[in-house]
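One structure below.
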Protein chains: 2
Amino acid sequence: MASSARRGPYFCGIDAAMDVVAGKWKSLILWELHHHGTRRFAELRRGLPGVSEKMLVQHLREMEEDGLVHREVYREVPPKVEYSLTEHGVSLNAALAPLGAWGTERMARIGAAKVSVDA
Amino acid sequence: MASSARRGPYFCGIDAAMDVVAGKWKSLILWELHHHGTRRFAELRRGLPGVSEKMLVQHLREMEEDGLVHREVYREVPPKVEYSLTEHGVSLNAALAPLGAWGTERMARIGAAKVSVDA
DNA sequence: TCAGGTACTCACCAAAAAGTAAGTACGGCT
DNA sequence: AGCCGTACTTACTTTTTGGTGAGTACCTGA
């Protein structure tokens with residue numbers, strides 16, 4: 001029950017891809033990691049205003065299982081864990097780019113607000 | 001409460017796009033409509049094995065609200081309603097294509113099964 | 001006459017996803 | 001001594017999502 005009940009039979013490629021990106025914060029995590037290269041847990045948390053620690057851990061674990069992110073643990077005294085995109089994570093991000101462009105256009109069309117995030 | 005509580009402030013374009021595609025069957029509806037051009041309600045239902053009438057109606061309504069699909073009602077005696085993609089629906093589908101390709105690759109990688117659908 | 005097809009709506013229920021709040025082990029800083 | 005920060009885990013609750021099955025109004029074909 002730790003991981004998700006996914007990887008099921010898919011209707012098509014989009015279905016398979018959506019399975020992996022589904023989750024309130026997953027695409028944002030992807031973006032954050034792509035943008036910053038490597039991030040620590042607390043950095044991600046701060047970069048994603050509103051995310052709960054539980055969801056962040058959960059999503060990161062699933063994305064690790066799905067081969068999208070790499071988790072590097074440093075056995076140090078204040079714990080340190082670094083997350084980064086794997087090759088598959090990078091290619092997924094690239095595949096997501098046109099969708100992002102479409103979404104940006106849509107935001108302009110409907111005049112949607114943007115969540116303010118500071119780098 | 002009929003429609004969805006969406007269109008909220010978005011973090012980025014992907015967020016905005018995902019909002020519109022989120023839902024178990026939406027991407028499949030998009031694909032079905034793109035593939036066949038125009039489809040009646042029952043045709044869609046038959047093309048999406050496993051979808052419930054409730055969800056199909058609900059998703060179609062939301063997609064109509066979001067300007068992705070066009071709903072043409074013929075006031076005839078056995079009711080007839082035709083659904084087709086709008087310009088925005090078509091462009092969303094195009095933006096989804098690379099994601100679909102990525103997903104297809106992933107299916108091959110992990111050896112995921114495909115749901116059997118007959119045309 | 002009666003099942004079957006059209007395109008739905010409605011009420012109810014189950015499951016999944018996400019949020020909340022607390023706890024944990026350890027050290028540094030003040 | 002006491003609080004902050006690290007990176008989590010755990011239990012519990014709420015919200016959201018999706019599924020089930022019935023009902024509707026009308027017509028067609030067997």
Side-chain angles (χ1 to χ4, degrees), chain A residues 1-8 11 15 18-29 32-33 38-66 69-84 115, chain B residues 1-8 11 15 18-29 32-33 38-66 69-84 115:
Chain A
M1 61 198 64
S3 45
S4 26
R6 308 168 298 131
R7 280 164 256 275
F11 285 88
D15 196 14
M18 291 296 287
D19 187 16
V20 137
V21 201
K24 196 165 174 182
W25 306 94
K26 286 206 185 155
S27 57
L28 281 341
I29 292 174
E32 197 56 21
L33 252 23
T38 274
R39 297 233 98 181
R40 299 183 56 176
F41 184 82
E43 288 174 331
L44 281 171
R45 198 206 318 141
R46 283 190 291 263
L48 270 19
V51 75
S52 66
E53 299 198 330
K54 183 192 122 179
M55 286 316 298
L56 189 50
V57 176
Q58 196 172 303
H59 280 170
L60 284 168
R61 290 282 187 282
E62 289 180 6
M63 294 168 82
E64 197 190 348
E65 261 186 68
D66 289 335
V69 316
H70 173 70
R71 180 163 175 265
E72 187 76 37
V73 183
Y74 297 85
R75 286 193 124 292
E76 297 176 359
V77 154
K80 178 175 170 187
V81 179
E82 282 186 348
Y83 293 92
S84 54
V115 176
Chain B
M1 62 196 66
S3 45
S4 27
R6 307 171 297 132
R7 281 163 254 275
F11 284 87
D15 197 14
M18 290 297 288
D19 188 17
V20 135
V21 203
K24 195 164 174 184
W25 306 94
K26 287 204 184 155
S27 56
L28 280 341
I29 293 174
E32 200 50 26
L33 252 24
T38 274
R39 298 231 98 181
R40 298 181 58 174
F41 184 81
E43 288 174 331
L44 281 171
R45 199 206 317 139
R46 282 190 291 264
L48 270 20
V51 74
S52 66
E53 299 199 329
K54 182 192 126 183
M55 285 317 298
L56 189 51
V57 176
Q58 195 172 303
H59 280 170
L60 285 168
R61 289 282 187 284
E62 288 179 7
M63 293 169 81
E64 196 191 349
E65 262 187 66
D66 289 335
V69 315
H70 173 69
R71 180 161 175 267
E72 187 74 38
V73 183
Y74 298 85
R75 287 193 125 295
E76 299 177 357
V77 152
K80 178 175 168 186
V81 180
E82 281 185 348
Y83 293 93
S84 53
V115 176

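Reminder, nothing fancy here: chain letters follow the sequence lines and each chain counts from 1.
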Closer than 4.0 Å, any side-chain N/O of B:R46 to the OP1 or OP2 of C:dT6?
-> yes
Judged by nearest nucleotide, the residue sitting upstream toward the 5' end of DNA chain C, A:G23 or A:P78, is A:G23
Starting at CD of B:E62 and ending at P of D:dG18, how long is that distance when rounded to a whole Å?
-> 8 Å
Within the pair B:K54 and D:dT17, is there a side-chain N or O less than 4.0 Å away from OP1 or OP2?
-> no
For B:Y74, answer base if it contacts any base atom (sugar-phosphate contacts may also be present), sugar-phosphate if it contacts only those atoms, and nothing otherwise; contact means non-hydrogen atoms under 4.0 Å.
-> nothing
So what does B:P79 touch, heavy atoms closer than 4.0 Å: a base, only the sugar-phosphate, or nothing?
-> base
Note: B:V20 and B:K26 closest approach over all heavy atoms is O-CD, 3.3 Å
Phosphate oxygens OP1/OP2 of C:dA17: is one of them under 4.0 Å from a side-chain N or O of A:H59?
-> no
Atom-pair distance (NZ on A:K26; P on C:dA18), nearest Å = 8 Å
Listed nucleotide nearest any side-chain atom of B:W25, set C:dG19, C:dT6, D:dG19 | D:dG19
Whole-Å distance separating the CD atom of B:Q58 from the P atom of D:dT16 | 13 Å
Separation of D:dT6 atom P from A:E72 atom CD, nearest Å, is 19 Å
Quick one: A:R45 CZ to D:dT6 P, roughly how many Å, whole number?
-> 6 Å
Of all the choices, D:dG19, C:dC8, C:dT6, which nucleotide is nearest to the side chain of B:R40 once you look at every atom?
-> C:dT6
In terms of the angle between their ring planes, are B:F41 and B:Y83 parallel, tilted or perpendicular, with boundaries placed at 30° and 60°?
-> tilted
Gap separating the CZ atom of A:R40 from the NZ atom of A:K80, nearest 0.5 angstrom = 5.5 Å
When rounded to the nearest 0.5 angstrom, what is the spacing between CE in A:M63 and CG in A:L33?
-> 7.0 Å
How many angstroms lie between CD1 in B:I29 and CG in B:L60, if you round to the nearest 0.5 Å?
-> 4.5 Å
Taking atom P of C:dA18 as reference, at what distance in whole Å does atom CE of B:M18 sit?
-> 11 Å
If you look at every strand shown and take non-hydrogen atoms under 4.0 Å, does B:R71 touch a base, only sugar-phosphate, or nothing?
-> sugar-phosphate
Would you mind reading off the distance between A:D19 atom CG and D:dT17 atom P, rounded to a whole angstrom?
-> 17 Å
Specify the separation, in whole Å, of atom CZ of B:R75 and atom C1' of D:dA25.
-> 12 Å
Among C:dA7, C:dG19, D:dG18, the one nearest B:M55 by side-chain distance = D:dG18
Closest to the B:F41 side chain, choosing from C:dA7, C:dT20, D:dT6 | C:dA7
Are the charged groups of A:E82 and A:R39 less than 4.0 angstrom apart, N to O?
-> no
Which part of the nucleic acid does A:R61 contact within heavy-atom distance under 4.0 Å: base, sugar-phosphate only, or nothing?
-> sugar-phosphate
Look at the side chain of B:S52 and decide which nucleotide, out of D:dT20, C:dT9, D:dT6, has an atom nearest to it.
-> D:dT20
